[in-house]
Each structure stands twice: as structure tokens, then as C-alpha cells.
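Structure, as C-alpha cells:
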Amino acid sequence: MIKVLVINSGSSSIKYQLFNMDGEVVLASGVVERIGERHGLHKHRLHRDNDIIESRYEQCVSDHRAGLSRIGTLLRESGAVSELSELCAIGHRVVHGGESFREPSLINSEVLQLIRDRIPLAPLHNPANVMGIEVALQEAPHIPQVAVFDTAFHHSIPAHAYRYALPEWLYTEHSVRRYGFHGTSHRYVAKQAASCLGKPLESLNLITLHLGNGASAAAIAQGQSVDTSMGMTPLEGLIMGSRCGDMDPAIHFYLGRSTGLDYDEIESLLNKESGMKGICGANDMREVHRLADAGEPRARLALDMYCYRIKKYIGAYYAVLGRLDAVVFTGGIGENDAWVREQCCTGLEALGIRLDAEKNAAADRETLDIHRESSSVCLLVIPTNEELEIALQAVSCIN
Ligand code: ADP
């Protein structure tokens, strides 16, 4: 068995999945939540044939070291591994790789330092990723560890799309440019779309829509990302659960002057209190629908704004690509929300985008096409699997 552990270390949680890469099956998975709080929670799932046995442990997990050490213990005790030394590799999700990382990288002290150097570009994400790597290196020093970057897939975006219209020194001295995120997911569903369409990825032009709590669109030409909606940070672009997406940058100064909020408060407002939550008070899409169905006008407006923004990006990226083979929906909302998918496609018939309402309503979490036969653009619902993509990239990196 080729066993690979994937670690996604966040500020107060560590998610993990253990794969057997022979057959790409999950052996175990779980999450340690509320790290550093009095009541920590560790959910560990053992995957056996078609069964998943879940165990829950409620106890304080003081820090990331304690969290990773618990994960190691549970993997051993549940029989998923007999020793950590059985692992062929550990793959770490790293949010921001800046311009340095175009590919997954085997972690050594130089790579780790470069990731640390990127912390100012992603202060909300990279510190937790670095912490996860540091602890895993200490816990399992002899196992090859690979950093897989959310930004890497977007390294192919050309300068005319990644540069902002700002003085050049902001780019050369301060690295201000579009990087894009969710690259692991966009790459994974693009590959799946190619196999679903039975064509080589290098021949396909796609728009991939990752619609989860965070959301982003990518324009993919001949298999390579050429533009994406998230920017220097994951705040730009589509409307998200609690992030505003695109807005007039002058609003920041106006807010500072008229409300007295400081930079940190404005950053927090735009990241945590805006998006669907800011418009209607709910950031979970199912709750937004419930409110809208109950006649709450703010929820209705939030849904209209959400889909309108996506539709604008589909139009823009169609123009960028010139020819479009498929639009791919993924992420919790993209995979499950037939209403959102329909709204995003309605009115685009002149572009050759024709949704089949019946197929769309029937779509479940399996890969599915939801276009009419007369549609010149395929419409696909493809469940993302970022953890598997990280494991695949970790294996190809150590090979
Ligand atoms: P994350 O970005 O945290 O990985 P997910 O991809 O799991 O998020 O997506 C979370 C979003 O998916 C939430 O807004 C949730 O409401 C939405 N979602 C999950 N299931 C459904 C569903 N059946 N219908 C509509 N939205 C759903």
C-alpha cells in the first residue's frame, strides 16, 4: 500500500485524510477542532469497505503539536497505520506560495523559510499552515513532506491578467499582484472534466466555478489557468459566505473616514461580516434559501446578487477564452444547489449555454452533465476532492 497523509492546518483546526494511493481510497479521515480552547473536539473516521466508523473525543487540545500528536495516536490505535513510518509522504495544504512556488515542493528548511516569508501576503492562512508543517516535521522527521500550494495552478496567468493598474514598484517591491486561490480544486475538477468529456485537458477551454464558503471562478485555456477571480488575497471576486468579493477600493477609505474603523477592523468587516452574511444575516446557503422561501427580502436580494456576480464572471471569462467547452460547478454550493446553478445559466442561451432543468434538479454528488443536447457548451457538476489532489501531487513530487 502507498499510504499518504494529507494535512490541512488552519488557525484553530487540523483536517486530515489518509489515502491508500493504490486505488485512491480513503483509509481514515478526521478533524481536530477548537485547538487552544477549553473544549476541543476530535472527530476521527475509519473507512472500512463501505462503512465509516466515527469516534468523537471531547477534550482540550492545547496547541497544534498536541493536535498532530493526537492524530498520530488515533491513526495507530484505529489500525489505519501500525507506525507513522509506514507513510510514503505527508502532503500539506499551503494557501499562499507567492511567485516562488509554481509546483508542489518537497519541504526542507529553505522551502519552509520561503513559505514563512509569504506570511505577509496571507496573514490569515499561512501562519497556521507553517505551524502544521513545523510540528509534522518534528513528529515524523524521516517521512518526505510536500507543500501543495493553492496558488500554484494559477502560475500560468499572464501579466495582463495578474497585474493591477498600480505603480510598478508596488509589484516589484511589494509583490502586489493577482495570485488566485483554490488552485488545487480548479485543477482537480478540470482534470475530472477532461476525463468526463473524454478529451485531453490540454485541448479544453473551461470555466470552473468553485462555490463553497469561499468561492472563485477560473478561466482555463488549453488546460492552463489564464485568469481567476480571487486576487492578491482570497477576498476579491465572487460574493462568498462572509467575504464581500469585488468592490470599489475607495470604499475602504470612505469607511475609515466616516466610521472611524481602523485597517484591522475594516479587514475583519470585509472578510468576516460581509458577503451573504452581511447582506442577509446568514452565510450558510441552505439557511439563505430558507429565509428567502419564508419571504425575507434581504435573503432574496443576497441570492440575486450572488448569482448575478457569477453570471458576470461567466460572461467575462467566455470573452477571455473566445471558445468554451464546458462550465464546471463544484464546492458545497456548486455541487448541491440546483437553484443557484440554474440562475447562473439563465439568459446565457445566446452564448450556447443551455441548462436542462430536469437533469439539473436531479443532479446529486456524482459527476453529472446538466446541459441540453442543443447546448454547445457542456455544463458539468463535479464534486471536488482537494485532499486527493494534494495526495496525488505529493506522490508525483516525491517520485
Ligand atoms: P468550504 O469552502 O468550507 O469547503 P463547502 O464547499 O463545504 O465549504 O461549501 C459550504 C457551502 O455549501 C455552505 O454555504 C453550505 O450551505 C452549502 N451547501 C451544502 N449543501 C448544500 C445544499 N444541499 N444546498 C445548498 N447549499 C449547500
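The model shown is predicted, which means the values in this text are computed figures rather than measured ones. In listed order, ligands and their atoms are each counted from 1.
Annotation: ring-ring contact (aromatic ring centres under 6.0 Å, His included) contacts involving residues 211-230, sequence neighbours excluded, are absent.
Under a 4.0 Å N-O distance rule, the pair Arg354/Glu349 does not qualify as a salt bridge.
With hydrogens and angles ignored, the 3.5 Å screen pairs no side-chain donor or acceptor of Arg178 with any backbone N or O of Met232. Under a 3.5 Å cut-off, the side chain of Arg56 and the backbone N or O of Leu41 do not form any donor-acceptor pair.
If you look at Phe181 and His96, their ring centroids are closer than 6.0 Å.
Each of Gly212, Asn213, Gly214, Asn283, Asp284, Met285, Arg286, Gly331, Gly332, Ile333, Asn336, Asp337 has a non-hydrogen atom positioned under 4.0 Å from some atom of ligand 1.
Classified by interplanar angle (parallel below 30°, tilted 30° to 60°, perpendicular above 60°), the ring pair Tyr57/His42 is tilted.
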